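Since the structure comes first, as structure tokens, the remarks are kept for the end.
Nothing here was measured: the structure is a model prediction, and the numbers come from that model.
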Amino acid sequence: MSRLAETHGLTDVQQEILSTVRDFVDKEIIPVATELEHRDEYPQAIVDGLKELGLFGLMIPEEYGGLGESLLTYALCVEEISRGWMSVSGIINTHFIVAYMIKQHGTQEQKDHFLPRMALGEIRGAFSMSEPGLGSDVSAITSKAVKDGDAYVLDGQKMWLTNGGTSSLVAVLVRSDEGHPEGTAPHKSMTTFLVEKEPGFGEVRPGLTVPGKIDKMGYKGVDTTELIMDGLRVPADRVLGGGTGRGFYQMMDGVEVGRVNVAARGCGVARRAFELGVAYAQQRHAFGKPIAQHQAIQFKLAEMGTKVEAAHAMMVNAARKKDSGERNDLEAGMAKYLASEYCKEVVEDSFRIHGGYGFSKEYEIERLYREAPMLLIGEGTAEIQKMIIGRRLLEEYRLQN
């Protein structure tokens, strides 16, 4: 057990779950991650193993067949999985955001229909906000839903769907002007639809096409896709929560969970980079002794370890805040911002410790070096996080009179 990134106050059940996940990562993920990543191959055997462990139902309530665990437990599991291979954590993250949104905002029929099968991993979720012409500016969404009898017709193009091909359920955020007069604020005229589809690529149901995977610098293995809706008919009972106009708030609630998840990913990748760096520094000799005995390397290791510890502490705080039922957008924004930035820095320092070997695909740090940048933009860029943090701090510290 690492001295770094310990979490105090966990229950026996939480410790047992984490121990099981850690063993799975060490035995089933780390030995094959780099090879699968270089081939950009979907890790089906790993995903099957996660299903057997029950991780797809980790946060789903017991009444729906899940384990009913907290966001903290989930985030700590994500940290461990990302330590093995960040792409695997992406496969379960989008699934859990959709499950969380259904649990928090869905109708009883939607909960009964989706959650038991999501807990078993039989239904796998993805969610979609971004579009080709926008990123963090959600208010600029142009995809639209128009009421047509007892259904809605959806048209538009979405972008950057993690699990876009392998999922069988996508939560899609679109404009829905029905019932919202002209001039209504954009965020009040958005609706989330629960769109069921067949896994795969091409036309996955009438009116819905998932083109092939987007080729990425890193974060490989997991499929990232576009989503094209052209006359897609969705029954009215698949509006999340049963009413239009609530989609923006539902998605933002889910994104808070997602930001804690991204922070946890950053913690896991940074911890693995530190492990690789501190091990290599003790094996590599220069000027007659291991480079770990040179003060310059010791300073670097000290900075790396401190960043790993600090990011983990902020991530845990954000998860616990959400579990308590309190508003946590400030803490989640801080955790995501710090963990992603520190992850990038720790990975680069480990890369530098490896010297020329860090540039070789035979060494694991090369993969981490390509994966870390995704965390800088996933679930909102650093600039967006700082806007959220700044506004919330001004709310908390606003001068009176």
Check: D230 side chain, G207 main-chain N or O, donor-acceptor pair, under 3.5 Å: no

Check your understanding: Taking NZ, NE, NH1 and NH2 as the nitrogens, is one of them in E348 or K344 under 4.0 Å from a carboxylate oxygen of the other?
Key -> no

Applying side chain to side chain donor-acceptor pair (under 3.5 Å) to D112 and not counting sequence neighbours gives Q108

The complete set of ring pair (Phe, Tyr, Trp, His ring centres under 6.0 Å) pairs with one or both residues in residues 31-64, sequence neighbours excluded, reads F56-H95

Query raised in the report: Does the side chain of W85 pick up a donor-acceptor pair with the side chain of E371 at under 3.5 Å?
Result: yes

Ion pair check, R327 and E395, cut-off under 4.0 Å: yes

So the side-chain hydrogen bond (donor to acceptor under 3.5 Å, both in side chains) pairs with at least one residue in residues 287-308 (sequence neighbours excluded) are K307-E345

Quiz item: Without hydrogens or angle criteria, can the side chains of R124 and S168 be said to hold a donor-acceptor pair below 3.5 Å?
Solution: no

Sequence neighbours excluded, the answer for ring-ring contact (aromatic ring centres under 6.0 Å, His included) partners of F274 is none

Ion pair check, R83 and E79, cut-off under 4.0 Å:
no

* Check the side chains of S176 and T191 for a donor-acceptor pair under 3.5 angstrom, ignoring hydrogens and angles. => yes

### Query
Counting only heavy atoms not in R352, do more than 12 sit closer than 6.0 Å to its CZ atom?
no

Smallest heavy-atom separation, V21 atom then C77 atom, equals CG2-SG, 3.9 Å

| field | Heavy-atom neighbours of Q44 CD exceed 12 at 6.0 Å | value | yes

Q) Would you find a donor on one side and an acceptor on the other, under 3.5 Å apart, between the side chain of K336 and the backbone of G380? A) yes

*Judged by modelled atom types alone, do E226 and Q157 share a side-chain donor-acceptor pair under 3.5 Å?*
yes

If you draw a 6.0 Å radius around NZ in K27, do more than 12 non-hydrogen atoms from other residues or ligands fall strictly inside? no

Sequence neighbours excluded, the answer for ring-ring contact (aromatic ring centres under 6.0 Å, His included) partners of Y100 is none

d(L375 CG, C343 SG) to nearest 0.5 Å is 5.0 Å

Exactly one of K103, R259, K322, R246 clears salt bridge (charged side-chain N to carboxylate O under 4.0 Å, His left out) with D253, and that residue is K322

**Asked** Got a donor-acceptor contact below 3.5 angstrom from the S350 side chain to the V347 backbone?
**Response** no

Checklist entry - Under the 3.5 angstrom rule, does the side chain of D150 hit a backbone N or O of P235 as a donor-acceptor pair? => result no

Is it the case that over 12 heavy atoms from other parts of the model lie below 6.0 angstrom from the CG atom of D26? yes

Identify every side-chain donor-acceptor pair in residues 209-221 under 3.5 Å, counting partners at least two apart or on other chains, and give the distances.
unit_1 : atom_1 : unit_2 : atom_2 : d
K213   : NZ     : D40    : O      : 3.2
D215   : OD1    : K220   : NZ     : 3.3
K216   : NZ     : Y219   : O      : 3.1
K216   : NZ     : V222   : O      : 3.3
K216   : NZ     : T224   : OG1    : 3.1
Y219   : OH     : R265   : NH1    : 3.0
K220   : NZ     : K216   : O      : 2.5

After noting the C-alpha distance and the side-chain angles of N261 and F96, does the key distance pass the side chain to side chain contact (heavy atoms under 4.5 Å, CB included) rule? CA-CA 10 Å; N261 172 282; F96 265 107; over 6 Å; no

ask   = Would you call E37-R367 a salt bridge at under 4.0 Å N-O?
value = no

Any donor and acceptor pair, going by atom type alone, linking the side chain of R175 with main-chain N or O of I141 inside 3.5 Å?
yes

Is a donor from one side chain sitting under 3.5 angstrom from an acceptor on the other, for E362 and S360? no

Contacts of Y342 meeting ring-ring contact (aromatic ring centres under 6.0 Å, His included) (sequence neighbours excluded), chain-then-number -> none

For the side chain of N163 and the backbone of I91, is there at least one donor-acceptor N/O pair under 3.5 Å apart?
yes

Applying ring-ring contact (aromatic ring centres under 6.0 Å, His included) to Y152 and not counting sequence neighbours gives F193

The reported gap from CG in L161 to CE in M129 (rounded to nearest 0.5 angstrom) is 10.5 Å

Ring pair (Phe, Tyr, Trp, His ring centres under 6.0 Å) pairs touching residues 303-333, sequence neighbours excluded, are none

| said: Assess the residue pair S89 and S82 against the criterion (side-chain hydrogen bond (donor to acceptor under 3.5 Å, both in side chains)); give the C-alpha distance rounded to whole Å, side-chain angles, the decisive distance to 0.1 Å, and a yes or no. | reply: CA-CA 6 Å; S89 69; S82 298; 3.1 Å; yes

Across all chains, not counting sequence neighbours, the side-chain contact (heavy atoms from CB on, under 4.5 Å) partners of T107 are E109, Q110

For I60 and L115 the tightest heavy-atom approach is CD1-O, 3.9 Å

* To do: Kindly say whether S167 contributes a backbone atom to a donor-acceptor pair with the side chain of K197 at under 3.5 angstrom?
  => yes

The side chain to side chain donor-acceptor pair (under 3.5 Å) partners of S19 (sequence neighbours excluded) come to none

Fill in: E196/R205 ion pair, N-O < 4.0 Å
no

- Task: Give a yes or no on whether the backbone of M118 and the side-chain of E122 come within a donor-acceptor separation of less than 3.5 Å.
- Result: no

Those residues at least two apart in sequence (or on a different chain) that pass side chain to side chain donor-acceptor pair (under 3.5 Å) with T73 are Q14, E69, S70

Inset, instruction - Please test D329 against R392 for side chain to side chain contact (heavy atoms under 4.5 Å, CB included), starting from the C-alpha separation and ending with a verdict. - result: CA-CA 8 Å; D329 54 343; R392 286 288 288 114; 3.0 Å; yes

